[in-house]
Amino acid sequence: MKIAVLPGDGIGPEIVAQAVKVLNSLGPKFDLETAPVGGAAYDIAGHPLPPATLALAKEADAILFGAVGDWKHDTLPRELRPEQAILGLRKHLELFANFRPAICYDQLTAASSLKPEIVGGLDILIIRELNGDIYFGQPRGVRTSELPLFKGAREAYDMMHYSEPEVERIGHVAFDAARKRSKKVCSVDKANVLETSQLWREVMIRVSKDYPDVELSHMYVDNAAMQLVKEPKAFDVVVTGNLFGDILSDEAAMLTGSIGMLPSASLDKNNKGLYEPSHGSAPDIAGKGIANPLATILSVAMMLRYSLGMLDEAHRIEAAVQKVLAQGLRTVDIYTDGTTKVSTVQMGDAVVAALS
Ligand code: IPM
Ligand code: MG
């Protein structure tokens, strides 16, 4: 099986190296091929997603992605910024279904900024639509305002839209996922204000008719942001659009103690996928050897489960991560009194040792 390895920028190369080490220690041989992406690719090839990298991603069975973004590329025009690499991969490969689980591990309850009784045992799944919405909507741009009050001023605009089939396909993904969990879907929108959200809600209700065993509820996004910190365990599967999902998944991540723990999968209709940690490239700590590699290692577990059909191996990795946490090993982001601080490499080594 061919896996495209795209480490990217910032802490990307450090954490991906640990995930690769874990993958290679499993036994079965994977054909791993590495290519530059993001700012690193811009520096070499003049584009954040060079044709060769895209071609590799297309032909691979799965993609392991680190993170993109770096201060030195912040001033580039938008189409050359590192973020365009991940947006381009999502769009070109039609990776429309983004799975972002937020699990609070027992050993890390104290690392959350919320009270232990609020987050202890938390296990929710955010399913974010990844190919549509205001992220990709056309037209977009900068023009001269025609508003009477601001006539002649420079104005920027973006377009939010969703078509019925786009909502339907992410709806099915969410209901199918809920069937394997506690059979509850909460669809998050802003239907009290937006046309897009009204259509979204209408389609979700229609899709739900195919799943009489799954309970559908709806929530406005502002309320959802509030309920996520008030009573997060009331949620199970949350399905939402690209923009709301971006914001809510960062919020949900913090419930678990550290965004450094959260993996993600972005899948196409055939379950081919791109796997990446939910966090970013963290250029401020790059090269220091202190980044938490567990989100990327857990992303490998998701890859084995969703794209490669290797459920036993997926489970073994997750158990190994539980084991190193139980041993008290912590990177600095999840460190609390009485635990042992370890580096990125030491954490990777500990997971490999726990596997065997
Ligand atoms: C994410 C990130 C990306 C997004 C950025 C890097 C374009 O925040 O994966 O959540 O907004 O989707
Ligand atoms: Mg984000």
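Here the structure is a predicted model, which is why all the values come from computation and not from measurement. Every number for a ligand or one of its atoms is a count from 1 in the order of the listing. Numbering starts at 1 and runs along the sequence shown.
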Check your understanding: Side-chain donor-acceptor pair under 3.5 Å between Asn98 and Ser266, yes or no?
Key ->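 A pair is found: one side chain offers a donor N or O, the other an acceptor, under 3.5 Å apart.
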Next on the checklist: Would you say Arg330 and Thr339 are linked by a side-chain donor-acceptor pair, where the criterion is simply a distance under 3.5 Å?
Outcome noted: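 Absent: no donor and acceptor within the cut-off.
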| message | Below the 3.5 angstrom mark, is there an N/O of Arg128, backbone or side chain, next to an N/O of ligand 1? | response |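 So ligand 1 has an N or O lying under 3.5 Å from an N or O of Arg128.
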Return the residue, atom name and 0.1 Å-rounded distance of the protein heavy atom closest to [atom].
atom: atom 1 (C) of ligand 1; answer: Arg100 NH2, 3.3 Å
atom: atom 2 (C) of ligand 1; answer: Asp246 OD1, 4.0 Å
atom: atom 6 (C) of ligand 1; answer: Glu83 CG, 3.8 Å
atom: atom 11 (O) of ligand 1; answer: Tyr135 OH, 2.5 Å

[atom1] of [X] to [atom2] of [Y]: how many Å apart, nearest 0.5 Å?
X: Glu129; Y: Leu243; atom1: CD; atom2: CG; value: 11.5 Å
X: Met204; Y: Glu168; atom1: CE; atom2: CD; value: 9.5 Å
X: Gln84; Y: Leu49; atom1: CD; atom2: CG; value: 9.5 Å

* Asked: Counting distance only, does the side-chain N/O of Asp268 pair as donor-acceptor with the main-chain N or O of Glu94 below 3.5 Å?
  ->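 No; judged by distance alone, with no hydrogens or angles, the pair does not exist.
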| task | Looking at Asp246, pick out the N, O or S atom nearest to the Mg ion (ligand 2) and give its name. | result |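 It is OD1, the N, O or S atom of Asp246 closest to the Mg ion (ligand 2).
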Review point. Side chain, backbone, both or neither: which part of Arg90 comes within less than 4.0 Å of ligand 1 when only heavy atoms are counted?
Key: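 Under 4.0 Å from ligand 1, Arg90 contributes side-chain atoms alone.
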N, O or S from Asp250 under 2.8 Å to the Mg ion (ligand 2):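 No.
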